[in-house]
Amino acid sequence: MDTPTLLAAGSNGRGQLATGNSQDAHSFTPCKFAPRESSTSPPSPGLSPAIISIVGGGNHTLALLSWATDSAPSLEVWGCGEGTKGQLGPGFNAGSEGRDESAVLRPLILPWEEQGLFGYTVSHVAACWETSFFVLRKEDQHDLLASMGGNDFGDLGIGDLPLKKKNKAPFHIVDFSHIVGSTAQCVSITDITAGPHHVLVLLRADKKQYIAGWGTARHGQLGPLLMPSGRSLPFSPSPVAIDLPIDVQRDPVLSVRAGNQHSVFLHVSGHISALGSDAKGQLQGLCTAEDVQAIDCTWNGTYIRTPLGLLSTGTNARGQLGRRENPSDGPSGTVRFPMEARVLDLACGSEHVLAVVESRGRRVVWGWGWNEHGYLGTGSLDDVNVPVKIWPPPTAESEAMTSITVRVWAGCGTSWIAVSKCAAP
């Protein structure tokens, strides 16, 4: 099996799909990659990168890629789309904004060494609306978190900056010393996620787990943060420690996901903790769920994978829950798949969902939800209120017999599918 081909569909006004233009894609279209410049560790001849992760902000995309080299694999961050707030680094060419040359994935110029950070590599990426985050890792050193881009609602996580200093530096390092302690040893960042304007990070230091968050907080998505007047704090521009109903030292958090006004945490035990708004039922039934294997969030919904199937809760105004409305049903229920289908992977966008499903020995992609810009790749802009197979499309069935769906990702009105060709028998 060779390296994956990346396909994209959806909103593309700033070239964030990397399809070579700024037109929305209503069906899955191959992404384009700029030529890779030579380096001290050139990739093996003829190889494409392995895709570690893809994240999307409002109009920009980050891709963490792994290149096979003669020594160790080389991790690089590539990006495309809008970069006017600095979310794609200082090397972004403002003159290409919205033009075809900005609509291809290209390596980002991230000046770690220019700022004295020698020998660090990026291990994780995340994105808010106009902000990007990079976990920096170096052997025998603390993990660092760099942020760059817009700072609406304190998204950068660096506190209130004087107006004259805003966005002058190419990136900022988020400080967690007040949470883990200034003398903590071996600080590592094990997971990071971002909603439109709040960020959540899992930290480990001195064999203890800590959870930090910043950004929008009015709805309790960072826990109960109050102003001196007793009213809810609108946002926190610096990281705050987050406490959960379940003791994370006894039952650590494995992964964390963020919606627009809520946050969800999956514990080692398979139980869930949740914070924030339940105005649209997005927290309904989560705290009683058991044996949960994976979690994800749309802006106003939550999805959990269990041995019994995929459960969804939250708003269903555009079919996001993957089942037809029934007045007798509450907001929580089971996504409707064929009986023989088994969900292997899940990706939530702003208000749509993709799932890699194994059915009759084949891996295919199903999707549902809001489809305003065609991000379900059906060729239509009609919303989809129960899961439908979106890859391979009917016209590609013969090709699908020699390919494998590898993984899916979803962003703000955007979708990506990685497929790999099978080796000939």
Side-chain angles (χ1 to χ4, degrees), residues 55 57 86-87 117 120 122-137 141-162 165-167 169 171-206 208-228 232-245 248-249 252-265 273-276 297:
V55 296
Q87 61 266 52
L117 299 178
Y120 284 87
V122 177
S123 64
H124 296 75
V125 291
C128 280
W129 191 255
E130 294 180 314
T131 316
S132 300
F133 305 91
F134 310 87
V135 176
L136 303 178
R137 188 158 289 170
Q141 299 293 322
H142 294 325
D143 285 356
L144 302 176
L145 181 63
S147 62
M148 58 176 61
N151 199 35
D152 294 342
F153 307 101
D155 291 1
L156 286 172
I158 55 173
D160 293 317
L161 286 177
K165 292 185 178 180
K166 284 189 176 180
N167 296 330
F171 66 90
H172 309 271
I173 298 297
V174 180
D175 182 16
F176 299 110
S177 62
H178 59 293
I179 293 175
V180 302
S182 58
T183 61
Q185 302 295 314
C186 302
V187 178
S188 60
I189 299 171
T190 60
D191 198 13
I192 178 171
T193 192
H197 289 292
H198 78 285
V199 186
L200 303 164
V201 175
L202 299 183
L203 303 163
R204 180 158 289 278
D206 301 332
K208 293 182 64 177
Q209 186 175 69
Y210 301 86
I211 306 173
W214 62 93
T216 49
R218 186 185 303 277
H219 299 277
Q221 55 265 59
L222 303 181
L225 301 181
L226 302 177
M227 297 187 294
S232 296
L233 191 70
F235 65 92
S236 174
S238 300
V240 295
I242 294 176
D243 293 322
L244 299 179
V248 299
Q249 307 312 326
V253 174
L254 278 176
S255 63
V256 57
R257 295 293 183 267
N260 183 23
Q261 298 176 354
H262 71 294
S263 306
V264 182
F265 308 82
S273 293
L275 299 172
C297 297

* Yes or no on side chain to side chain contact (heavy atoms under 4.5 Å, CB included) for I158 and I173, after CA distance, side-chain angles and deciding distance? -> CA-CA 7 Å; I158 55 173; I173 298 297; over 6 Å; no
* Indicate the ring-plane relationship of W214 and F176, choosing parallel, tilted or perpendicular according to the 30° and 60° boundaries. => tilted
* Side chain T131, main chain G149, donor-acceptor under 3.5 Å -> no
* Structure fact -> All heavy atoms of D191 vs all of S255, minimum pair found to be OD2-CA, 3.4 Å
* side chain to side chain contact (heavy atoms under 4.5 Å, CB included) between Y120 and Q141: does it pass, once the steps are laid out? -> CA-CA 9 Å; Y120 284 87; Q141 299 293 322; 3.7 Å; yes
* I would like to know whether R204 and V187 meet side chain to side chain contact (heavy atoms under 4.5 Å, CB included); could you show each step before the answer? => CA-CA 6 Å; R204 180 158 289 278; V187 178; over 6 Å; no
* Check: S236 side chain, S238 main-chain N or O, donor-acceptor pair, under 3.5 Å -> yes
* Asked: Quick one: CZ on R257 to OG on S263, what's the gap to the nearest 0.5 Å?
  -> 12.0 Å
* Check: Q87 main-chain N/O paired with S132 side-chain donor or acceptor under 3.5 Å -> yes
* Can you tell me how far the CG atom of D243 sits from the CG atom of L222, to the nearest 0.5 Å? -> 12.0 Å
* Structure fact -> Nearest heavy-atom contact between A212 and P239 is CB-CB, 4.3 Å
* Test item: L145 and L136 side chains (from C-beta on) under 4.5 Å apart, heavy atoms -> no
* Spell out, as yes or no, whether a donor-acceptor pair under 3.5 Å connects the side chain of D206 to the backbone of Q185. => yes
* Asked: Considering only heavy atoms from C-beta outward, does the side chain of V253 approach that of L244 to under 4.5 Å?
  -> yes
* **Reported OG-to-CG distance for the pair S147 and L156, which is rounded to 0.5 angstrom** => 4.5 Å
* When you look at L275 and Q221, which way does the side chain to side chain contact (heavy atoms under 4.5 Å, CB included) test go after all the steps? -> CA-CA 5 Å; L275 299 172; Q221 55 265 59; 5.6 Å; no
* OG1 on T216 to CD on Q261, rounded to 0.5 Å -> 8.0 Å
* Donor-acceptor under 3.5 Å (H198 side chain, D155 main chain) -> no
* Asked: Below 4.5 Å, heavy atoms only, C-beta onward: do L203 and T190 meet side chain to side chain?
  -> no
* Asked: Roughly how far apart are F153 CZ and C128 SG, rounded to 0.5 Å?
  -> 11.0 Å
* To do: Measure the shortest side-chain to side-chain distance between I242 and L200 over non-hydrogen atoms and say whether it is less than 4.5 angstrom.
  => yes
* Asked: Any side-chain heavy atom of V135 sitting closer than 4.5 Å to one from L144?
  -> no
* Short side-chain to backbone donor-acceptor contact, R137 and H142, under 3.5 Å -> no
* To do: Mind checking the OG1-NE2 spacing from T193 to H124? Nearest 0.5 Å is all I need.
  => 11.0 Å
* Check whether any side-chain heavy atom of I192 lies under 4.5 Å from a side-chain heavy atom of V199, and answer yes or no. => yes
* What heavy-atom pair brings L202 and V256 nearest, and what distance separates the two atoms? -> CG-CG1, 4.1 Å
* Main-chain N/O of Q209 paired with Q249 side-chain donor or acceptor, under 3.5 Å -> yes
* Structure fact -> Nearest heavy-atom approach of A146 to F171 is CB-CD1, 4.0 Å
* **Heavy-atom pair of closest approach, residues G195 and A258** => N-CB, 3.5 Å
* Fit a plane to each ring of H197 and W129, take the angle between them on a 0 to 90° scale, and name the class: parallel (under 30°), tilted (30 to 60°) or perpendicular (over 60°). => tilted
* Structure fact -> In terms of heavy-atom contacts, C297 and V264 come closest through SG-CG2, 3.7 Å
